[in-house]
Amino acid sequence: MILHELKITNFRQITGVQRFTFAPPGDQPITLILGENGAGKTTLLHACLWCLYGTKDFEHPEQLASYRSLSENKGDVCVSVKLVFYRGSKRFTALRECTFKASDLGSGKSQPFEFTLHETNEIGETRPCPDPELVIQQLLPRELAGFFFFRGEDLEQLVARSGADRLKTAVEEFIDLTVVDNAINHLKKVGKEIEDDLRSSVKGRAKDLSDKIESLEQEIETIEHNCAKFSEEAEKASVQKEDIERELGRTQELQPFITKKKELTEEIDRVTDRIDGFRQQLKQKLSRDGYLAANPQLLAKIEAITKEAVEAGQLPARIKPQFVDDLVGTGRCICGRELGPEENAQLSAWRNGSKLAGIETAIFQVKSSLTSYRNRSTEFDLECKILREMLDESIAERTRLLSERSRNDGRLEGEKGLDNNVGHFQKLLKDTNERLQELSFELGRRDEKIAKASNEIAELRRVREKELKAEDRVELLSRQERSVKNVRDALVRTRESWVGLVQEYLDGQLKSNWSKMAQLERLVRFDEKFTLSIHERGGQGEWVKSAPSAANQRTLALGFVSSLIRLAAEAKDSTNAMGLFSGGDYPLVMDAPFATMDEHFKRTVPAGLLEMVPQLVLISSFDQWEGQIKESLEKKIGKAYVLELHGPEVETKQVKLGKTMVAYKLHEPDAVYDWTEVKEVEA
Amino acid sequence: MNEVSWKDVEEGRKQKLSEIIQELNEEEYELLRLVLTFENENRHNRHVFQAVQNIRDMVKRVIK
């Protein structure tokens, strides 16, 4: 199936008649479709699937017809999707259409649709396919369509353990086991009928043996029924175990960060205590000796004044107060003369009015203390300086630690309480493991019990056959019953071996595809349980299951899808293809497949994918297209389109594509509903 | 890298099928062939009862 053209008319928000012509396989096999959110990217996928299968797996399936068309048209509105594709040299035109009335707007009414498929041969003759659904099922079974038309986020679900059923269905669809499965089921019913006939035909001992055989067969059925339940439970428990192990793994992965956070918090507390200590010491020092900080200026001033007074001859004082006191006390001059009352009064007045001597004394006392003060002040300064430096260093250290803790917290963001959950997860894991062991024991006993009952049945049959030989009809029924069982067993074994071989084939393809696309040393598997897994080297060089990441999962799923494409291409030429599915070349129609990939995968995956896929339709937003993806795929684009979104609340925007500016959002104040128009742009 | 080619798959399938068929006697092999042909021709026939009756008739014809 190689896509040629898609014509969409009034489907969902795509209004009017809009066409895409797809780039064919070759040097430029990519069709790029760009659009913003809400412009209808996913609608394109839905349009293809609705056209081929009539599926409406989207929100509000009742809104099939374009609201804008319904609101603007008074008459009928035709909704249709036409998909033209090739299978080899044959061209197929699939068309699904239905008609709505303007009055259907908002009514949620669903209308009957018509589906036609026309085949055009090499010489241009066209004929309608009488059973279009059957032909589509041959060309691309509905169960497989999701592997070729998908949204990027759907890919991750394939890798989840719960995706195993879908993968198994895919494998079975590809090799088409319908015929074999029908044969197995029908033969089982035929065998049961013959067994019933046989039972009603036998008498005596043979009848007893038949009853016993029936009872044992019922016992086997009960065991199988119970074991199916056990298997289902074991499957669920295994999924749960994987989830728990993943949670624990995530916890272990984050353990260094959790430990680091604890260490950093302790260190920050220690440094904070130290800072508080330094601050306290500084406070005490300032409180006790803080005046020393103010003294140097004051002391220097006193010293300067004293020095000035000495130099001016004012100090030391020429007349000492003691000398005057002595004169007043003795009442005599130093020459022995008795002082008169007037002289005594003058001396007393001088003595009372002059404070100079006191000041002088004070000055000299202060001066003598200056050296001591200066020394203490220097010491105080030094001590304060050291304390302040230590305080500053501690503050800087705390800032650094806080910043480191913040970075560490960034890694732990969203994982709050994870460390507290470890115990819970470990207990859950223990319980799950115990239950799995119980189930495994029960399942192990199943084979033992069934083998025992089967041997007993075989022995009973042998004895019964001897008894029955006497009667021809009974002997014939017995032979028929045995032959039907043998043929059925042969088909069951054929089925198992066939599925196993294809699973091995896909596993090999997956490994090869992974190395082309991911270019990372990993062990990828598609195992016999139909699960996809990815492993990386552990510390001892052993393979350990990789932590789940969206990028890994998408790449793995794309690798698997590419394996299916290869299988389909190879099966096309197979002369022994046993099934209905005809195989052939298939495209990939992908909506935002690379969205969550890191730069490495964005570089390697698109280029690797192109090696394996003949035709690619890439639907993307502008943001996702820019950068590494564009760089890898730009030269391989054969056709390019923009989904132009119109609407009353839409803000007009343009983007540069190649050399031209292209509008991709258009404000349309008069419009009632948003709608989309398709514009082809330069590739 | 343990890549299996499609040829290997086909060969493996043929081989396994031939092993399984060898374990059947002639009548059983004929029954197998008839049943598969019938199922292939009637793959979209949903009438299980009819299919069971047809196969039962085949069994009667082949295992006599």
Side-chain angles (χ1 to χ4, degrees), chain A residues 131 133-134 137 175-176 178-194 476-477 479-494 496-498 500-502 504-512 515 566-567 569-571 573-580, chain B:
Chain A
D131 192 347
E133 278 88 5
L134 175 64
Q137 195 65 14
I175 54 178
D176 190 16
T178 314
V179 167
V180 178
D181 284 345
N182 285 350
I184 290 170
N185 288 333
H186 294 153
L187 281 167
K188 188 178 178 184
K189 288 190 167 68
V190 169
K192 184 83 179 79
E193 278 190 14
I194 298 173
L476 177 63
L477 282 173
R479 270 200 302 123
Q480 285 177 345
E481 187 202 16
R482 193 174 55 243
S483 294
V484 166
K485 186 179 177 299
N486 288 346
V487 170
R488 186 171 166 257
D489 286 351
L491 282 170
V492 170
R493 280 187 291 147
T494 307
E496 281 170 4
S497 70
W498 185 216
L501 282 165
V502 175
E504 261 181 57
Y505 168 84
L506 287 171
D507 181 49
Q509 290 297 328
L510 176 69
K511 287 175 167 60
S512 161
S515 78
R566 174 85 185 269
L567 169 64
E570 289 204 278
D573 302 322
S574 168
T575 51
N576 285 310
M578 63 194 279
L580 171 73
Chain B
M1 191 169 300
N2 58 340
E3 193 173 334
V4 183
S5 75
W6 187 251
K7 204 177 157 197
D8 297 335
V9 177
E10 287 286 297
E11 286 302 317
R13 189 173 74 87
K14 275 190 223 162
Q15 197 186 332
K16 190 74 193 168
L17 196 61
S18 108
E19 280 170 26
I20 292 169
I21 286 170
Q22 269 180 5
E23 290 172 22
L24 301 176
N25 61 32
E26 267 184 48
E27 287 175 335
E28 287 165 350
Y29 175 70
E30 179 61 8
L31 180 61
L32 173 74
R33 199 185 62 76
L34 286 174
V35 169
L36 284 178
T37 308
F38 168 79
E39 293 290 2
N40 203 31
E41 285 167 359
N42 294 277
R43 57 184 308 136
H44 299 292
N45 189 349
R46 307 262 178 227
H47 302 293
V48 176
F49 175 75
Q50 206 177 24
V52 170
Q53 282 308 305
N54 281 322
I55 293 173
R56 181 80 197 264
D57 290 344
M58 280 174 213
V59 174
K60 283 178 186 165
R61 277 202 312 275
V62 176
I63 320 287
K64 289 189 277 198

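Keep in mind that what you see is a predicted model, and the values were worked out from it rather than measured. Note on naming: letters A, B, ... go to the chains in the order of the sequence lines (proteins, then strands), and numbering restarts at 1 for each one.
Note: A/Leu476 CG to A/Gln480 CD = 4.0 Å, rounded to the nearest 0.5 Å.
Only the side chain of A/Leu491 comes within contact range of chain B, with heavy atoms under 4.5 Å apart. Heavy-atom distances place no part of A/Leu510 under 4.5 Å from chain B, backbone and side chain included.
The residue among B/Asn25, B/Val59, B/Val35 with the most heavy atom pairs within less than 4.5 Å of chain A is B/Val59. No other option in B/Lys60, B/Gln53, B/Lys64, B/Glu39 has as many heavy-atom pairs under 4.5 Å with chain A as B/Glu39. Ranking A/Ile194, A/Val484, A/Leu187, A/Asp489 against chain B, the residue ahead of the rest is A/Ile194, based on heavy-atom pairs under 4.5 Å. For the set A/Gly191, A/Ala183, A/Gly500, the count of heavy-atom pairs under 4.5 angstrom toward chain B peaks at A/Ala183.
For the pair A/Val502 and A/Trp498, the minimum side-chain heavy-atom distance is below 4.5 Å.
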When the side chains of residues 15-24 of chain B are checked against the rest of the protein, which donor-acceptor pairs come out under 3.5 Å, sequence neighbours left out?
from    : atom 1 : to       : atom 2 : distance (Å)
B/Ser18 : OG     : B/Gln15  : O      : 3.4
B/Glu23 : OE1    : A/Arg493 : NH1    : 3.1
B/Glu23 : OE1    : A/Arg493 : NH2    : 2.9

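Ion pairing between a basic and an acidic side chain is recognised when a charged N comes within 4.0 Å of a carboxylate O; A/Arg479 and B/Glu27 show such pairing. Salt-bridge formation is detected for the pair A/Lys511/A/Asp507: a Lys NZ or Arg NE/NH1/NH2 atom is positioned less than 4.0 Å from an Asp or Glu carboxylate oxygen.
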